Amino acid sequence: MKKIKRFYQEHRIFTILMAVVLVCMVLIITVLVQCFYVGNGSDKYGNRLEGIEKYKITESRQKDFENNIANNDKVKSVDIKITGKIIYITMQITEGVELVEAQSIAQKSLESFSEKEQSFYDFNITLKQNSTDKSDGFIISGAKNKNGSGLNWNNNRVVEKDATVEEK
């Protein structure tokens, strides 16, 4: 004990600085452990998926949905993917079907889901049609928010250049 007192008296400034450094190191290590290791085992969605068990859409139900929509002669194929609270639906539309007609098919496809499911999930629908000699085809996306009443479509229309703008 006498050696420690003697060392402290001879090297007081060094001892105080080392104590401060040690306290800082302990604080830094504590913060790093909390940032990188504590909480990593929790769900990546946090509590946003509370209640999803009530509205679970099974694999068989997804296959039934795909088969029902694919039975329409205007739809080549359908793919459905559920990620969290968002349902992604991709429909390949046959050639010769007008855009408005394809949008109405997509709107009707939402009727396969109950009102409670529509008020819980967000929907993202993509309609694709390959271009042919007779038509340009299209790719258009629509979305329905869980609080919304219908699909909102993006505006991907081709903008025609005005002849007066080109002359200037």
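In this text, all values refer to a predicted model and were calculated from it rather than measured experimentally.
- The cationic group of K146 does not satisfy the cation-pi geometry with Y121, failing either the under 6.0 Å distance to the six-membered ring centre or the 45° limit from the ring axis.
- Here CD of Q92 is found 8.5 Å from CD1 of I139. Values are rounded to the nearest 0.5 Å.
- Across every non-hydrogen atom of S109 and F65, the tightest pair is O-CE1, 3.4 Å.
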**Item:** Verdict with supporting geometry, I80 and Y88, side-chain contact (heavy atoms from CB on, under 4.5 Å)
**Value:** CA-CA 6 Å; I80 182 171; Y88 296 97; over 6 Å; no
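- Counting heavy atoms from C-beta on, the side chains of L49 and I52 come closer than 4.5 Å.
- Counting all heavy atoms, side chain and backbone alike, S141 lies closest to N124 at OG-OD1, 4.2 Å.
- For the atom pair NZ of K2 and CZ of R6, the computed distance is 11.5 Å after rounding to the nearest 0.5 Å.
- Annotation: side chain of D122 is not in contact with side chain of K144 (no heavy-atom distance under 4.5 Å).
- In this structure, H11 and F14 have perpendicular ring planes: the angle between them is above 60°, well past the 30° mark.
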**Request:** Could you walk me through whether L32 and I28 pass side-chain contact (heavy atoms from CB on, under 4.5 Å), step by step?
**Result:** CA-CA 6 Å; L32 287 174; I28 289 171; 4.0 Å; yes
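- Separating the CG atom in N130 from the CG atom in D136 is a distance of 12.5 Å, to the nearest 0.5 Å.
- In this structure, the side chains of I87 and I125 stay at 4.5 Å or more apart for every pair of heavy atoms.
- Taking NZ of K128 as the reference point, atom CG of D79 lies at 9.0 Å (rounded to 0.5 Å).
- With rounding to the nearest 0.5 angstrom, the CZ atom of F123 is 6.0 Å from the CD1 atom of I89.
- Under the 4.5 Å side-chain heavy-atom criterion for Ile, Leu, Val, Met, Phe, Trp and Tyr, M91 and V100 are members of distinct hydrophobic clusters.
- Heavy-atom contacts from other residues, nucleotides or ligands closer than 6.0 Å to CD of E98 number 12 or fewer.
- For the atom pair Q118 CD and N145 CG, the distance stands at 12.0 Å (nearest 0.5 Å).
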**Item:** L127 vs Q103, side-chain contact (heavy atoms from CB on, under 4.5 Å): CA-CA, chis, key distance, verdict
**Value:** CA-CA 8 Å; L127 303 176; Q103 288 175 337; 4.2 Å; yes
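- Counting heavy atoms from C-beta outward, I82 and I86 have side chains that stay 4.5 Å or more apart.
- The environment of CD in E10 is crowded: more than 12 heavy-atom neighbours from other residues, nucleotides or ligands sit within 6.0 Å.
- When the shell of 6.0 Å around CD1 of I13 is examined, it contains 12 or fewer heavy atoms from other residues, nucleotides or ligands.
- Annotation: side chain of T58 is not in contact with side chain of Q62 (no heavy-atom distance under 4.5 Å).
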**Message:** Using salt bridge (Lys or Arg N to Asp or Glu O under 4.0 Å), reason through E117 and R61 one step at a time and then give a plain yes or no.
**Reply:** CA-CA 13 Å; E117 289 171 338; R61 185 127 178 269; 2.6 Å; yes
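- Taking 4.5 Å as the limit, some side-chain heavy atom of K85 sits within range of a side-chain heavy atom of F120.
- Put simply, the side chain of T126 does not reach to within 4.5 Å of the side chain of I140, judged on heavy atoms.
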**Steps toward side-chain contact (heavy atoms from CB on, under 4.5 Å) verdict (I105, K74)** = CA-CA 9 Å; I105 293 170; K74 297 176 182 178; 3.8 Å; yes
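- With V23 as the partner, the side chain to side chain contact (heavy atoms under 4.5 Å, CB included) test is satisfied by one option alone out of V20, L27, V26: L27.
- Counting non-hydrogen atoms of neighbouring residues, nucleotides and ligands closer than 6.0 angstrom, the NZ atom of K76 exceeds 12 such neighbours.
- Minimum heavy-atom separation, I69 to V75: O-CB, 3.7 Å.
- Taking every heavy atom of both residues into account, V78 and A70 meet most closely at CG2-N, 4.1 Å.
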